[in-house]
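Counting from 1, the numbers follow the sequence of the chain as shown. The structure displayed is predicted, hence computed values, not measured ones.
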Amino acid sequence: QCTETRFLSISYNFSPESVNDTAKETCLNWFFKIASIRELIPRFYVEAAILKCNKFLSKTGISECLPRLTSMIRGIGDPLVAVYARAYLCRVGMEVAPQLKESLNKNFFDFLLTFKQIHGDTVQNQLVVQCVEIPLYLTLYSPAIDWILQCIAYHAPDCCDDALLLNSVMSAFRAEFIAARSMDFIAMIKECDESGFPKHLLFRSLGLNLALADPPENDRLQILNEAWKVITKLKNPQDYINCAEVWVEYTCRHFTKREVNTVLADVIKHMTPDRAFEDAYPQEKFLPFLDMFQKESVRVEVCKCIMESFIKHQQESTKDPVILNALLHICKTMHDSVNALTLEDEKRMLAALINGFIKMVSFGRDFEQQLSFYVEARSMFCNLEPVLVQLIHSVNQLAMETRRVMKGNHSRKTAAFVRACVAFCFITIPSLSSIFTCLNLYLHSGQVALANQCLSQADAFFKAAVSLVPEVPKMISVDGKMRPSDAFLLEFLCNFFSTLLVVPDHPEQGVLFLVRGLLNVIQDYTWEDNSDDKIRIYTNVLHLLSAMTQETFIYHVDKVDSNDTLYGGDSKFLAEINKLSETVVSQILDHLKTLGKEETLKRQSQLAHYFFNTIVAHGDLRNNRLNQLSVNLWNLAQKHGFADTKTMVKTLEYIKRRSKQPDMSHFTDLALRLPLQSRT
């Protein structure tokens, strides 16, 4: 109505001149109706609520109304009602005219002038009727006074010495301001009347500030002593704990375990009436402090908070027996809270906290003590799989660290220790339910055993992995969703093949016994009908067998003699490799034949090209049979028009480049036999 069709053109900071007469008349009518309200409090609040509308009437309307409304509050007889009216007016004033500080100051000083009403007969009699004690009644003023002071406190240098106002000052001013003058505030607190606003609430307000900002270093101990003199005298457990919890944080931030232990001992003394366990814990007060939380859910939440804080703030590893004992107790409490109804997210969070603690424990070069800790942790946290996985990784890392530190000094004691680490892993892995976690840990642990020259133990890990492959299900849960397992199995087996290259044959098991066993498992495994992963695995087996025919393998494990050293290129060994290779090639070709149907021709083309690349990279193409096989695969890949022309061109260019290298002239003949077919 104020601008009719020009409404959208008016800016937020409009002037009264921009408002038409109709709108001004309507606004003025509102204020006349408000003025006719006979009751003071409703009239005050309604007018204060639309104070901003004075902008429609004149530029000075707000500045003229604020002092008048401030004076109106003097007519409110109840001091508690009056102080909240002042707080509301300060709120409105800060919103509509923050530059007008005079009314804010006037409201504050008006409150000071009327503060004596609180101790008058009218208020005191009313408190008796309502059965409200004066300390509790005074706390009702705090929010309103806090707000008033927040509005005027930005540059205020001085404080009032009344306890209620002092509490409001500590709540309103910046924590840095309070912390820098902590001793001054303590002096003012000590001078406050004990019968008025409770001193322990003043110390609580001070403590809240010191949790956000640090006091001068030289004053910190004296501050704690002065505060605790008051806190420890409190008889009411609720009052005591409300105040003590703030100062426990202050103590932990600025003092050593000795001071923290003293404070916790005092908490136990106040919060446990019978104190029956004091004799059992003469030195360490932390665990009985936790035991005071009788409700399990609360105790677990407290333990989680403690572990989160430890992981966040602990910068260095620890082996302190007191810390380890306390944190093991806390972690055990969290672990034991897990049951059949516990959500997976909760389990993951608890396991992450426990793992964070495990990673922070280090006994340096006392490897036996480190392993003992891991053994104890395994027995305590056996129901959380992520913790067991972390322990296995930690023990494997410990074995490798032992090998590094003791390099060149392989004593019987060192060997026995490494075997103990290996045994830990071998015993623990079967307790895990995730089959791929087990497979990968068997492989990793076998690699660690191999690196430490524990050959029989390495064989045991690898055999366990081979025997577990048939149990891999067709579908597995990944991030809460069921997915086919073929891709994961393919990845694992490729990693396994890379390790098997350097694993020496057992003298009593025959040539390539692990490779043969794995091939048998792959052959018997039931693969999906629309999957070619079995053939891709067979192709990777050919990569492994090709590498095994080399006089010297492309990589080795230090101080472990692989089959290139054991057999030294023996013809019988090479003959066994050739037999295995022929068997694998036959399996691949049989599968390619099954893909001759129209709906699977594209898969046939892709696999034929993939197998062709394998032969080119790893086969001896001077062998006529192999050379002819590669030509047949090339033609099969292009036969039905599914081959990618760019890929085929790049492959042919690669073969031509290979032909120019020394002793590679047979690639020239091969290139001439590989035609490029167009799709037209």
Side-chain angles (χ1 to χ4, degrees), residues 257 284 286-287 303 306-307 310-335 350-432 437-438 440-454 457-458 460-461 557-559:
K257 288 185 291 185
E284 206 271 305
F286 188 68
L287 298 183
C303 291
I306 293 171
M307 291 310 303
F310 174 79
I311 293 170
K312 180 179 179 180
H313 298 292
Q314 182 72 17
Q315 301 295 323
E316 300 177 352
S317 58
T318 182
K319 61 177 181 179
D320 187 303
V322 175
I323 295 177
L324 295 187
N325 181 54
L327 295 185
L328 279 172
H329 176 83
I330 291 171
C331 290
K332 186 71 165 65
T333 300
M334 296 192 300
H335 169 271
L350 294 177
L353 292 174
I354 296 173
N355 285 341
F357 161 60
I358 290 172
K359 292 176 183 177
M360 294 301 299
V361 177
S362 174
F363 290 88
R365 293 197 175 186
D366 190 348
F367 300 130
E368 292 184 357
Q369 186 65 34
Q370 189 79 40
L371 181 59
S372 296
F373 169 77
Y374 292 145
V375 171
E376 182 181 5
R378 180 180 61 184
S379 66
M380 296 178 73
F381 311 127
C382 57
N383 291 330
L384 288 173
E385 282 202 14
V387 178
L388 296 179
V389 172
Q390 176 60 49
L391 288 170
I392 294 170
H393 283 305
S394 297
V395 171
N396 277 326
Q397 186 178 355
L398 180 63
M400 295 304 295
E401 179 67 11
T402 305
R403 176 177 179 269
R404 185 188 66 81
V405 172
M406 305 302 292
K407 192 171 184 179
N409 184 25
H410 295 288
S411 64
R412 290 183 178 179
K413 184 178 180 181
T414 303
F417 176 78
V418 171
R419 286 196 293 271
C421 292
V422 170
F424 176 99
C425 298
F426 193 77
I427 293 171
T428 309
I429 293 174
S431 63
L432 305 177
T437 300
C438 291
N440 287 309
L441 286 174
Y442 275 134
L443 178 57
H444 181 220
S445 300
Q447 292 167 342
V448 171
L450 195 64
N452 283 279
Q453 298 96 53
C454 297
Q457 287 82 358
F461 280 114
V557 175
D558 187 33
K559 294 185 173 59

Plane angle bin for F417 and F367 - parallel if under 30°, tilted between 30 and 60°, otherwise perpendicular: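 It falls in the tilted class, 30° to 60°.
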Among all residues two or more places apart in sequence or in another chain, which pass the side-chain contact (heavy atoms from CB on, under 4.5 Å) test with [X]?
X: R419; answer: A415, A416, C454, Q457
X: M380; answer: L328, K332, E376
X: T437; answer: V389, L432, S434, L441
X: Q369; answer: F363, D366

Inter-residue atom distance M307.CE - I330.CD1, 0.5 Å rounding: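 That separation rounds to 6.5 Å.
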Shortest non-hydrogen separation from L388 to S431 and the atoms involved: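 What the structure gives for the nearest pair is CD1-OG, 3.7 Å.
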With sequence neighbours left out, what residues match [X] under side chain to side chain donor-acceptor pair (under 3.5 Å)?
X: E385; result: S433
X: T333; result: none
X: T318; result: none
X: Q447; result: T499

Contact check, side chains of I311 and L353, non-hydrogen atoms, under 4.5 Å: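 I311 reaches L353 side chain to side chain.
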Of all pairs that satisfy salt bridge (charged side-chain N to carboxylate O under 4.0 Å, His left out), the ones with a partner from residues 317-327, not counting sequence neighbours: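 Every salt bridge (charged side-chain N to carboxylate O under 4.0 Å, His left out) pair that includes a residue of residues 317-327, provided the two are not neighbours, is K257-D320.
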Pair R403-D558, side-chain contact (heavy atoms from CB on, under 4.5 Å): steps then yes or no: CA-CA 11 Å; R403 176 177 179 269; D558 187 33; 3.5 Å; yes
Partners meeting ring-ring contact (aromatic ring centres under 6.0 Å, His included) with F424 (sequence neighbours left out):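 Residues passing ring-ring contact (aromatic ring centres under 6.0 Å, His included) with F424: none at all.
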Residues which pass ring-ring contact (aromatic ring centres under 6.0 Å, His included) with F461, listed by chain and number, not counting sequence neighbours: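 Scan of F461 (ring-ring contact (aromatic ring centres under 6.0 Å, His included), adjacent residues dropped) gives F426.
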Please tabulate, for the side chains in residues 393-400, all donor-acceptor contacts under 3.5 angstrom to protein atoms that are two or more places apart in sequence or on a different chain.
from : atom 1 : to   : atom 2 : distance (Å)
S394 : OG     : Q390 : O      : 2.9
S394 : OG     : Q390 : NE2    : 3.0
N396 : ND2    : I392 : O      : 3.4
N396 : ND2    : S445 : OG     : 3.1

